[in-house]
Amino acid sequence: MSNKQNILNDVEQILLMGPGPSMVHESVYKAISLPTLGHLDPYFIRIMDAVKEQIRQAFRTSNNLSLPMSGTGSAGMETSFVNFIERDDPVLILINGVFGMRMKDVAERLGAQVDSIEFEWGTPVLVDRVRAKLEQTAYKIVAMVHAETSTGVENPVQEVGKLVRGTDSLFLVDAVTSLGGMEVDVDGWGIDIIYSGSQKCLSCPPGISPVSVSDRALEFLMNRKTKVPNWYLDLSMIINYWEGQKRAYHHTAPVNMIYALYQSLFNLLEEGLDNAFARHLINHELLVGGLEKLGLQMFVDASCRLPMLNAVVVPDGVDEAAVRKRLRDEFRIEIGAGLGPMAGKVWRIGLMGETCRPGNVERILSALREIL
Ligand SMILES: Cc1ncc(COP(=O)(O)O)c(C=O)c1O
């Protein structure tokens with residue numbers, strides 16, 4: 001095959017300002033292209049151990065069981081439910097967007113007795129409604145999404161965590177969009193099970209999902225009455241590959257994706273978590289100020305807006321898809337459309353990780369100024 005026929009030659013650099021994937025730092029691309037080691041090679045095991053420690057630091061936890069699962073954020077979500085749910089377990093899910101709905105679907109497929117509280121999309125989970133529910137019913141798991149990417153809302157994980165701590169429930173949190181872009185304090189907030197994804201504020205390509213599990217949750221896993229009903233995501237087996245002196249093969253680890261995750265976490269921790277959070281906030285404010293000057297309105301109230309995912313109301317009479325198409329074709333910028341009931345009503349502008357730089361904010365504002 002001649003070079004001309006290789007379609008990869010025509011992959012262009014697009015400024016990724018959607019809901020993920022985000023821009024990837026050169027050092028992460030370099031890490032991916034390093035020589036592939038054997039998945040049981042002693043040097044690779046050193047890298048695995050270092051990644052576990054980085055995940056602990058990023059999640060602010062001392063949880064022993066902290067590791068990257070093979071697969072995207074949804075694999076992290078499946079892992080977090082499939083290992084801890086047994087048929088008929090009562091589970092409470094707090095829903096205010098697409099990813100809360102996905103959690104419900106995952107838990108129902110496992111035969112859990114799923115109860116949910118739904119909140120209006122674009123508004124946060126209301127702690128008082130959760131309190132009232134927890135006073136009535138005992139659940140094995142209470143689950144919620146921290147940063148609801150479909151709407152741009154931050155949910156009050158810390159406050160719900162305080163309520164769950166007063167019960168016997170395990171607290172399960174989705175931090176796919178929040179990790180690396182805003183405070184996520186696993187130990188401080190009493191989170192038992194948490195997962196994230198690589199392609200948002202970690203600025204790594206999609207394909208790997210950091211997960212962390214408290215000792216309390218691990219005890220539930222080890223005392224299950226039935227086998228974990230999914231072989232690939234069974235943490236009780238995967239532990240034997242990620243922990244201990246002697247490592248046992250489970251599945252072939254995605255070696256180069258683990259290099260990439262290592263490098264992206266290295267970059268984040270080198271910048272400092274608090275500095276990265278401040279950078280997300282500053283650029284978010286810059287973007288919102290610029291959008292408002294263009295006469296655009298934010299979908300979410302300022303009190304619960306995510307810094308890394310900005311939902312913007314599509315003005316009346318504007319063809320939202322046509323604007324996205326022009327951004328992609330003429331300006332080489334990707335932004336996101338609305339999901340589910342938000343389709344056609346909002347644009348989603350991501351400021352995640354490496355994307356979250358003032359120059360990129362200026363690029364999108366100037367492109368929108370020209371188009372609108
Ligand atoms: C909050 C949240 N949870 C879960 C997912 C699923 O992750 P993935 O698409 O990487 O499987 C996403 C993806 O956008 C997300 O934003």
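One-based numbering along the sequence shown. Just follow the structure's listing: the first ligand is 1, and inside any ligand the first atom is 1.
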Could you tell me whether Pro206 approaches ligand 1 through its side chain, its backbone, both or neither, with non-hydrogen atoms closer than 4.0 Å?
neither
In the protein, which heavy atom is nearest to atom 16 (O) of ligand 1, and how far is it?
Thr149 OG1, 2.4 Å
Just list the side-chain donor-acceptor pairs under 3.5 Å for residues 338-346, sequence neighbours left out, or say none.
residue: Lys345; atom: NZ; partner: Pro341; partner atom: O; Å: 3.2

With a 4.5 Å cut-off on side-chain heavy atoms, are Ser116 and Glu118 touching?
yes
With a cutoff of 4.0 Å, is Gly71 in contact with ligand 1, counting heavy atoms of the residue only?
no
Does an N or O from Gly73, backbone or side chain, lie closer than 3.5 Å to an N or O of ligand 1?
yes
Does atom CD of Gln245 have more than 12 heavy-atom neighbours, drawn from other residues, nucleotides or ligands, at distances under 6.0 Å?
no
Atom 3 (N) of ligand 1: closest protein heavy atom, distance to 0.1 Å, is Asp174 OD2, 2.6 Å
Establish, yes or no, whether the cationic atom of Arg165 lies under 6.0 Å from the six-membered ring centre of Phe171 and within 45° of the ring axis.
no
Around atom 10 (O) of ligand 1, find the nearest protein heavy atom and jot down its residue, atom name and distance.
Gln199 NE2, 2.7 Å
Please report the C-alpha distance between Phe277 and Leu281 in whole Å, then the side-chain angles of each, then the deciding distance to 0.1 Å, and finally whether the side chain to side chain contact (heavy atoms under 4.5 Å, CB included) criterion is met.
CA-CA 6 Å; Phe277 305 157; Leu281 211 53; over 6 Å; no
Nearest-neighbour protein heavy atom for atom 13 (C) of ligand 1, which is reported as residue plus atom name and distance:
Lys200 NZ, 3.3 Å
Please list, one pair per line, the donor and acceptor atoms closer than 3.5 Å that link side chains of residues 210-219 to other protein atoms, with sequence neighbours excluded.
residue: Ser212; atom: OG; partner: Asn63; partner atom: ND2; Å: 3.0
residue: Ser212; atom: OG; partner: Ser66; partner atom: OG; Å: 2.9
residue: Ser214; atom: OG; partner: Asp192; partner atom: OD1; Å: 2.8
residue: Ser214; atom: OG; partner: Ala217; partner atom: N; Å: 3.2
residue: Arg216; atom: NE; partner: Asp192; partner atom: OD1; Å: 3.4
residue: Arg216; atom: NH2; partner: Ser169; partner atom: O; Å: 2.6
residue: Arg216; atom: NH2; partner: Asp192; partner atom: OD2; Å: 3.1

I'd like to know if Glu12 pairs up with Arg332 as an ion pair, taking the criterion as any Lys NZ or Arg NE/NH1/NH2 lying under 4.0 Å from an Asp or Glu carboxylate oxygen.
yes
His146 near ligand 1, heavy-atom distance under 4.0 Å?
no
Measure the distance from atom 5 (C) of ligand 1 to every protein heavy atom, then report the residue, atom name and distance (to 0.1 Å) of the closest one.
Phe99 CE2, 3.4 Å
Got the closest protein heavy atom to atom 6 (C) of ligand 1, with its distance?
Ser74 OG, 3.3 Å
Would you check whether Arg102 reaches within less than 4.0 Å of ligand 1, judged by its heavy atoms?
yes
